[in-house]
Amino acid sequence: MASEYVLEMNHITKRYGSNTVLKDVTLRVRPGEIHALLGENGAGKSTLMNVLFGMPVIHATGGFEGEVIFDGQSVAIASPMDAMGKGIGMVHQEFMLIPGFSVTDNIKLNREIARPWPLSRVLGRELEFLNKPAMSADARRALDAVGMSIEEYALVSGLPVGHMQFIEIAREIDKSGMKLLVFDEPTAVLTESEAKQLLGVMKQIAERGIAIIFITHRLEEVMDAADRVTILRDGTLVDTMDKADTTPEKLAAMMIGRGEESVIQVEKRDKQVGDKIALSIRDLWVNMPGESDKGVNLDVREGEIFGIGGLAGQGKIGIPNGVMGLYEASGDVTLFGKKLTLNSAKTALKAGLAMVSEDRRGVGLLLDQSIEDNIAFTAMQVNGDFMKGFLRQKDTRAINQYAKQMIKELDIRCTSPAQPVGTLSGGNQQKVCVARALALKPKFLFVSEPTRGIDIGAKQLVLETLVRLNREEGMTIVMVSSELQELRSICDRIAIVAEGKIVDILTADASDVAFGLAMSGTKMKEGESA
């Protein structure tokens with residue numbers, strides 16, 4: 001008897017060391033259905049797909065627990081090539097095309113059609129010629145199937161990104177024996193009309209009996225195209241249901257689903273933050289690869305902790321990087337009533353801004369240098385602090401004393417201030433980044449992904465430090481984080497960014513539905529029930 005499902009991933013558990021990223025997850029997909037896979041950043045979607053495709057990162061880290069059944073047979077998928085051979089394909093969010101090759105060459109890559117001639121029959125297939133007409137005909141059929149009129153002999157280099165996405169799909173359609181396709185955020189780079197066209201193509205593919213796993217954050221697309229929906233949260237299965245049995249609001253609540261939980265408990269303020277504006281942003285455009293912003297408007301009040309959240313690649317990280325002059329930006333930014341000149345990190349620092357970067361190893365730290373030198377470096381360069389005498393020499397005693405003070409206050413686990421930063425754990429490196437920003441004595445502090453890659457204890461200490469700086473020293477703080485619950489634990493207000501723009505600004509106690517809808521790009525209407 002044939003199986004009801006083309007794919008069964010039963011009770012999948014995956015650990016990276018002591019960190020469990022998938023916990024007893026089951027995903028079952030029927031032939032010819034579009035099955036949406038939803039979840040926040042870090043929910044486990046990518047890891048589950050890595051298991052399905054036999055990615056090296058899975059095998060190199062101890063494999064996984066559970067069973068994968070494909071087309072009725074228990075399988076051990078050794079590699080992406082093995083997955084492809086079994087009839088599993090993927091349309092990647094990041095393009096896997098070769099720019100210098102033609103559309104046809106990209107569609108037929110590793111599946112070229114050869115034409116024999118007398119010498120090749122004697123000396124081997126290596127001497128066969130490519131059958132360009134046959135390859136071109138195959139490419140044309142695949143392009144027509146996705147509604148693309150582009151010439152099959154055109155070079156991929158220079159084509160619009162929307163065209164590239166459809167070429168990726170055409171390549172998968174051209175493969176013979178395809179039974180399951182994974183679409184990973186396929187509409188992220190498309191215009192509205194292109195996205196509508198792509199959803200139509202997905203439905204046509206499903207009508208041919210090919211199953212589709214559709215990973216997206218756009219809930220309206222789920223309601224348009226999907227037959228069933230599976231939601232993951234924190235590496236666990238929340239539910240699988242028919243689309244007819246749910247709504248965007250229910251899906252949003254299940255994706256977030258932790259409204260009453262907190263990372264740390266923060267006492268209520270003695271008095272409310274006033275209406276005086278510390279930072280005003282108008283029409284901010286930031287050209288940061290993968291995190292660009294497109295006309296952000298934002299006001300941060302003096303003395304508040306303001307959060308910025310959203311899914312990966314939607315632009316939340318671009319905002320502080322643009323204001324701080326680390327990436328090309330345009331627009332109007334005012335800090336404490338004075339206009340800030342953009343595109344100059346030194347100007348931003350001298351104006352009283354400081355930033356703890358999300359890239360602590362690439363931007364934030366000098367890994368070969370000591371803890372004390374890392375802490376003092378920026379303050380020396382920008383403000384001339386930790387210098388002494390007529391010749392402005394480095395004041396090693398003052399640096400050492402300040403470093404010891406920061407090591408004690410932030411509980412930086414080290415042997416001494418002279419220990420190289422590169423030998424510290426990730427959590428302690430992050431604390432050094434915070435200490436270096438504080439050495440500038442800033443009026444306004446950006447902290448971007450402050451708890452990424454550090455353990456729970458270190459996370460709590462970093463968050464408590466931010467609260468203390470805000471409450472006791474009156475520092476205005478903007479915290480950018482992929483961890484929504486961290487934002488909800490310590491922030492007064494939280495802006496959610498999607499597709500480079502602010503979708504909504506919510507209070508920390510707003511409903512899970514409101515946050516979920518905002519992260520999918522939709523603002524809850526006034527008076528709408530959660």
Do the side-chain N and O atoms of [X] and [Y] include a donor-acceptor pair separated by under 3.5 angstrom?
{"X": "N374", "Y": "Q369", "answer": "no"}
{"X": "D509", "Y": "T507", "answer": "yes"}
{"X": "Q401", "Y": "Q405", "answer": "no"}
{"X": "T187", "Y": "E221", "answer": "yes"}

[atom2] on [Y] to [atom1] on [X], rounded to 0.5 Å:
{"X": "I496", "Y": "L517", "atom1": "CD1", "atom2": "CG", "result": "11.5 Å"}
{"X": "S344", "Y": "K346", "atom1": "OG", "atom2": "NZ", "result": "8.5 Å"}
{"X": "I213", "Y": "L27", "atom1": "CD1", "atom2": "CG", "result": "5.0 Å"}
{"X": "M406", "Y": "L438", "atom1": "CE", "atom2": "CG", "result": "6.0 Å"}
{"X": "T216", "Y": "L37", "atom1": "OG1", "atom2": "CG", "result": "10.5 Å"}

Identify the heavy atoms of [X] and [Y] that sit nearest to each other, and give their distance.
{"X": "G309", "Y": "K316", "value": "C-CD, 3.7 Å"}
{"X": "N343", "Y": "E328", "value": "OD1-CA, 3.3 Å"}
{"X": "S520", "Y": "E220", "value": "O-OE1, 4.2 Å"}
{"X": "V229", "Y": "H35", "value": "C-NE2, 4.0 Å"}
{"X": "V462", "Y": "P450", "value": "CG1-CB, 4.0 Å"}
{"X": "D293", "Y": "G315", "value": "OD1-O, 2.7 Å"}

**Prompt:** Is NZ or CZ of K338 both nearer than 6.0 Å to the six-membered ring centre of F336 and within 45° of the ring axis?
**Reply:** no
Counting distance only, does the side-chain N/O of [X] pair as donor-acceptor with the main-chain N or O of [Y] below 3.5 Å?
{"X": "T13", "Y": "D24", "value": "yes"}
{"X": "R493", "Y": "I305", "value": "no"}
{"X": "N470", "Y": "I477", "value": "no"}
{"X": "N321", "Y": "I317", "value": "yes"}
{"X": "D227", "Y": "I34", "value": "yes"}
{"X": "K339", "Y": "D332", "value": "no"}
{"X": "T20", "Y": "K23", "value": "no"}
{"X": "S280", "Y": "T334", "value": "no"}
{"X": "S489", "Y": "Q485", "value": "yes"}
{"X": "Q430", "Y": "E449", "value": "yes"}

Close side-chain approach of [X] and [Y], heavy atoms under 4.5 Å:
{"X": "V382", "Y": "K350", "result": "yes"}
{"X": "M324", "Y": "L349", "result": "yes"}
{"X": "L284", "Y": "L342", "result": "yes"}
{"X": "M9", "Y": "L7", "result": "yes"}
{"X": "H217", "Y": "Q314", "result": "yes"}
{"X": "I12", "Y": "T26", "result": "no"}
{"X": "V447", "Y": "L466", "result": "yes"}
{"X": "T61", "Y": "K14", "result": "yes"}

**Message:** Set out, in order, the CA-CA distance, both residues' side-chain angles and the distance that settles side chain to side chain contact (heavy atoms under 4.5 Å, CB included) for L199 and F214, then state yes or no.
**Reply:** CA-CA 10 Å; L199 295 181; F214 180 30; 3.9 Å; yes
What I want to find out is whether [X] reaches [Y] closely enough, with some N-O distance under 4.0 Å, to be called a salt bridge.
{"X": "R15", "Y": "E65", "value": "yes"}
{"X": "R282", "Y": "D299", "value": "yes"}
{"X": "R468", "Y": "E473", "value": "yes"}
{"X": "K294", "Y": "E499", "value": "no"}

**Request:** Would you check, one step at a time, whether the test side chain to side chain donor-acceptor pair (under 3.5 Å) holds for W285 with N287?
**Result:** CA-CA 7 Å; W285 292 70; N287 184 22; over 6 Å; no
**Fill in**
Here the ring-ring contact (aromatic ring centres under 6.0 Å, His included) pairs for residues 493-514, sequence neighbours left out, are none
**Prompt:** Partners of N297 by side chain to side chain donor-acceptor pair (under 3.5 Å), sequence neighbours excluded?
**Reply:** none
**Message:** Counting neighbours of NZ on K243 that are heavy atoms of other residues, nucleotides or ligands and sit closer than 6.0 Å, is the number greater than 12?
**Reply:** yes
**Message:** Would you say CG of N383 has more than 12 non-hydrogen atoms from neighbouring residues, nucleotides or ligands within 6.0 angstrom?
**Reply:** yes
**Message:** Would you call the rings of Y402 and F386 parallel, tilted or perpendicular, taking 30° and 60° as the class edges?
**Reply:** tilted
**Request:** Check the pair I308, I494 against side chain to side chain contact (heavy atoms under 4.5 Å, CB included), reporting the backbone distance first and the verdict last.
**Result:** CA-CA 6 Å; I308 302 179; I494 302 162; over 6 Å; no
**Item:** Evaluation steps, side chain to side chain contact (heavy atoms under 4.5 Å, CB included), between C414 and L424
**Value:** CA-CA 7 Å; C414 60; L424 298 177; 3.9 Å; yes
Less than 3.5 Å apart, which donor and acceptor atoms pair up between the side chains of residues 45-59 and the rest of the protein, not counting sequence neighbours?
from: K45; atom 1: NZ; to: G39; atom 2: O; distance (Å): 2.8
from: K45; atom 1: NZ; to: E40; atom 2: O; distance (Å): 3.2
from: N50; atom 1: ND2; to: S46; atom 2: O; distance (Å): 3.4
from: H59; atom 1: NE2; to: G54; atom 2: O; distance (Å): 3.4
from: H59; atom 1: NE2; to: I77; atom 2: O; distance (Å): 3.2
from: H59; atom 1: NE2; to: A78; atom 2: O; distance (Å): 3.3

**Asked** Between T522 and V503, does a side chain to side chain contact (heavy atoms under 4.5 Å, CB included) hold up when you go through it step by step?
**Response** CA-CA 7 Å; T522 304; V503 177; 5.8 Å; no
